[in-house]
Amino acid sequence: TLKNLELPSDTTLNLFPTIELADEINSIFNVADESVTRIPETNNKYIDIQALNNTSIPENSLGILHLNIASLSNHINDLKILLNLSKNKFHIICISESRLKSSEPIANINIPGYTFEHTPTESSAGGTLIYISNELNYKLRNDLKIYKMNELESTFVELMFEKQQNVVIGCIYKHPTMVPDDFNNNYLEELLTKTTNIRKPTLLAGDFNYDLLKYGNHSGTTNFLDNLHSHYFLPLIISPTRITSHSATLIDNIFLNENDLCIRSGNLLSSISDHL
């Protein structure tokens, strides 16, 4: 329970947390909570970079990382360190709250081996960006983009493969000030209908600012998840992604509409920002 959670308020998690901390968090947040729909193949745990490096991952896997970074310009070096420490390849890195503004020049946010596509924000927060490994071919899918000034940003790409089906990747940031019914009814529903019609595996990553732990108790969250379920999207993350000394919320996620794949997912411990 949250009453038993006493993490330091100044630094929620160290950049290089210990295995003991991962074990402690796993014991606090039992992932057996059935209030959130789970995928049987998903291995949801809190892990540090050492545990990730010790994980055997097939070579033909697609590695995807999402992070609300709370300013990409301020944390780009921390992100590079994390990627350099990882022995497993992240082919796609989805960034929400990049805080890159259309009215300002872009600072040096390049990462060797990656190309990026992004959608700037008009506000002091927000913005989405996707880093794509140079090993992959892709095209922009602006026809899938959902956007509302100061309230919603997104970026979409389609990964192109020669011998297997293409994969659509979307990164979405819904500002906490956006009215839930507005997002659910006027933006999400149209997007999900489009993804259903294109008949390709689609991943929707981002900070949606819906706490899935409140499913059934908050109408906006219930409608959000039910809408995703009705279009065959299921969450790959089922334990809190933003943990402080007094709260824990599950607001960041990666949703997938292809459930016949072998999936491993979880929360990577890092204090690049206050989101995992």
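The first residue in the sequence is number 1, and the count goes up from there. Since the model is a prediction, treat every value here as computed from it, not as a measurement.
Remark: side-chain polar atoms of Asn253 are paired, donor with acceptor, to backbone N or O of Ile237 under 3.5 angstrom. His175 places a side-chain N or O within 3.5 Å of a backbone atom of Asn150 that can act as its donor or acceptor partner. Distance alone, capped at 3.5 Å, is enough to place a donor-acceptor pair between the Ser123 side chain and the Ala125 backbone. Put simply, the side chain of Ser98 never gets that close to the backbone of Ile95: no donor and acceptor are under 3.5 Å apart. Listed for the His218 side chain is a donor-acceptor partner under 3.5 Å among the backbone atoms of Thr221. Although no hydrogens or angles enter the test, the distance criterion places no donor-acceptor pair under 3.5 Å between the side chain of Thr241 and the main chain of Leu276.
Cluster membership for Ile251 and Leu213, using ILVMFWY side-chain heavy atoms within less than 4.5 angstrom, is not shared. A single hydrophobic cluster is seen to contain both Leu256 and Leu159, as judged by linkage of ILVMFWY side chains at heavy-atom distances under 4.5 Å, directly or through other members. Linking Ile, Leu, Val, Met, Phe, Trp and Tyr residues whenever their side-chain heavy atoms come within less than 4.5 Å places Ile198 and Leu191 in a single cluster. Both Leu79 and Leu52 are members of a single hydrophobic cluster when ILVMFWY side chains are connected at heavy-atom separations under 4.5 Å. No single ILVMFWY cluster, assembled from side-chain heavy atoms under 4.5 Å apart, contains both Leu144 and Tyr232.
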Start with the C-alpha gap between Asn68 and Tyr173, add the side-chain angles, then the distance that decides, and say whether side-chain hydrogen bond (donor to acceptor under 3.5 Å, both in side chains) holds.
CA-CA 9 Å; Asn68 178 319; Tyr173 180 71; 4.9 Å; no
Yes or no on side-chain hydrogen bond (donor to acceptor under 3.5 Å, both in side chains) for Ser247 and Thr244, after CA distance, side-chain angles and deciding distance?
CA-CA 5 Å; Ser247 66; Thr244 71; 3.0 Å; yes
Could you please spell out the steps behind the side-chain contact (heavy atoms from CB on, under 4.5 Å) verdict for Leu192 and Leu228?
CA-CA 7 Å; Leu192 296 179; Leu228 286 161; 3.8 Å; yes
Could you please spell out the steps behind the side-chain contact (heavy atoms from CB on, under 4.5 Å) verdict for Phe116 and Ile93?
CA-CA 9 Å; Phe116 70 83; Ile93 304 169; over 6 Å; no
Would Tyr147 and Tyr187 count as a ring-ring contact (aromatic ring centres under 6.0 Å, His included) here? Give the steps.
CA-CA 8 Å; Tyr147 177 85; Tyr187 294 91; 9.1 Å; no
Apply side-chain hydrogen bond (donor to acceptor under 3.5 Å, both in side chains) to Asn166 and Tyr138, showing your working.
CA-CA 9 Å; Asn166 290 353; Tyr138 76 95; over 6 Å; no
Just do the side-chain contact (heavy atoms from CB on, under 4.5 Å) check on His118 and Ile106 with the steps written out, would you?
CA-CA 11 Å; His118 82 107; Ile106 298 178; 3.4 Å; yes
Run the side-chain hydrogen bond (donor to acceptor under 3.5 Å, both in side chains) test on Thr128 and Thr155 for me, step by step, so that the C-alpha distance in whole Å, both residues' side-chain angles and the decisive distance to 0.1 Å come before the verdict.
CA-CA 6 Å; Thr128 54; Thr155 305; 2.8 Å; yes
Could you go step by step and tell me if Leu82 and Leu268 meet the side-chain contact (heavy atoms from CB on, under 4.5 Å) rule?
CA-CA 10 Å; Leu82 181 66; Leu268 182 61; 4.1 Å; yes
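The shortest distance between side-chain heavy atoms of Thr119 and Ser154 does not fall below 4.5 Å. Considering only heavy atoms from C-beta on, Leu67 stays 4.5 Å or farther from Asp252 through its side chain. Counting heavy atoms from C-beta outward, Ser71 and Glu97 have side chains that stay 4.5 Å or more apart. Side-chain atoms of Leu152 and Phe183, non-hydrogen and from C-beta on, do get closer than 4.5 Å to each other. Within the 4.5 Å cutoff, the side chain of Leu129 has no heavy atoms near those of the Cys171 side chain. Side-chain contact between Ile111 and Leu83: present, with at least one pair of heavy atoms (C-beta onward) separated by less than 4.5 Å. In this structure, the side chains of Arg264 and Thr55 come closer than 4.5 Å at one or more pairs of heavy atoms. Looking only at side-chain heavy atoms (C-beta outward), Ser270 and His275 stay at 4.5 Å or farther from each other.
Just one residue in the list Leu204, Thr202, Ile92 forms a side chain to side chain contact (heavy atoms under 4.5 Å, CB included) with Ile169, and that residue is Ile92.
His66 approaches Ala205 most closely through the heavy-atom pair CB-CB, 4.1 Å. Shortest non-hydrogen contact noted between Ile109 and Ser73 is CG2-OG, 4.2 Å. The minimum heavy-atom distance linking Asn209 with Lys174 is given by the pair ND2-O, 2.7 Å. Summarising the geometry of Pro240 relative to Asn267, their closest heavy-atom pair is O-ND2, 2.8 Å, with the distance given to 0.1 Å. Here the closest non-hydrogen pair linking Lys87 and Asn53 is N-OD1, 2.7 Å. Between Asp207 and Ser96, the closest heavy-atom pair is CB-OG, 3.7 Å.
The structure places NE2 of His91 at 9.5 Å from CD1 of Ile64, a figure rounded to the nearest 0.5 Å. Note that CG of Asn227 is 4.5 Å distant from CG of Leu188, once rounded to the nearest 0.5 Å. The structure places CD of Glu59 at 11.0 Å from CG of Asn88, a figure rounded to the nearest 0.5 Å. For the atom pair CG of Leu136 and CZ of Phe161, the computed distance is 5.5 Å after rounding to the nearest 0.5 Å. Rounded to the nearest 0.5 angstrom, Asn223 CG and Asn185 CG are separated by 7.5 Å. Atoms CD1 and NZ, from Ile146 and Lys194 in turn, are 9.5 Å apart once rounded to the nearest 0.5 Å.
Side-chain atoms of Glu153 and Thr121 form a donor-acceptor pair, as typed in the model, at a separation below 3.5 Å. Donor-acceptor pairing under 3.5 Å is recorded for the side chains of Asn184 and Tyr210. Judged by distance alone, the side chains of Asn134 and Thr115 do bring a donor and an acceptor atom under 3.5 Å apart.
Note that Lys89 lies in the cation-pi zone of Tyr114, set by a 6.0 Å cut-off to the ring centre and a 45° limit from the axis.
In this structure, Lys200 pairs ionically with Glu158, as a charged nitrogen and a carboxylate oxygen lie closer than 4.0 Å. A salt bridge links Asp274 with Arg242; the closest basic N to acidic carboxylate O contact falls under 4.0 Å. Between Lys148 and Asp182, at least one side-chain N (NZ, or NE/NH1/NH2) sits under 4.0 Å from a carboxylate O, which counts as a salt bridge.
A 6.0 Å sphere centred on NZ of Lys214 holds no more than 12 heavy atoms belonging to other residues, nucleotides or ligands.
Ring to ring, Phe255 and Phe208 are close: their centroids are under 6.0 angstrom apart.
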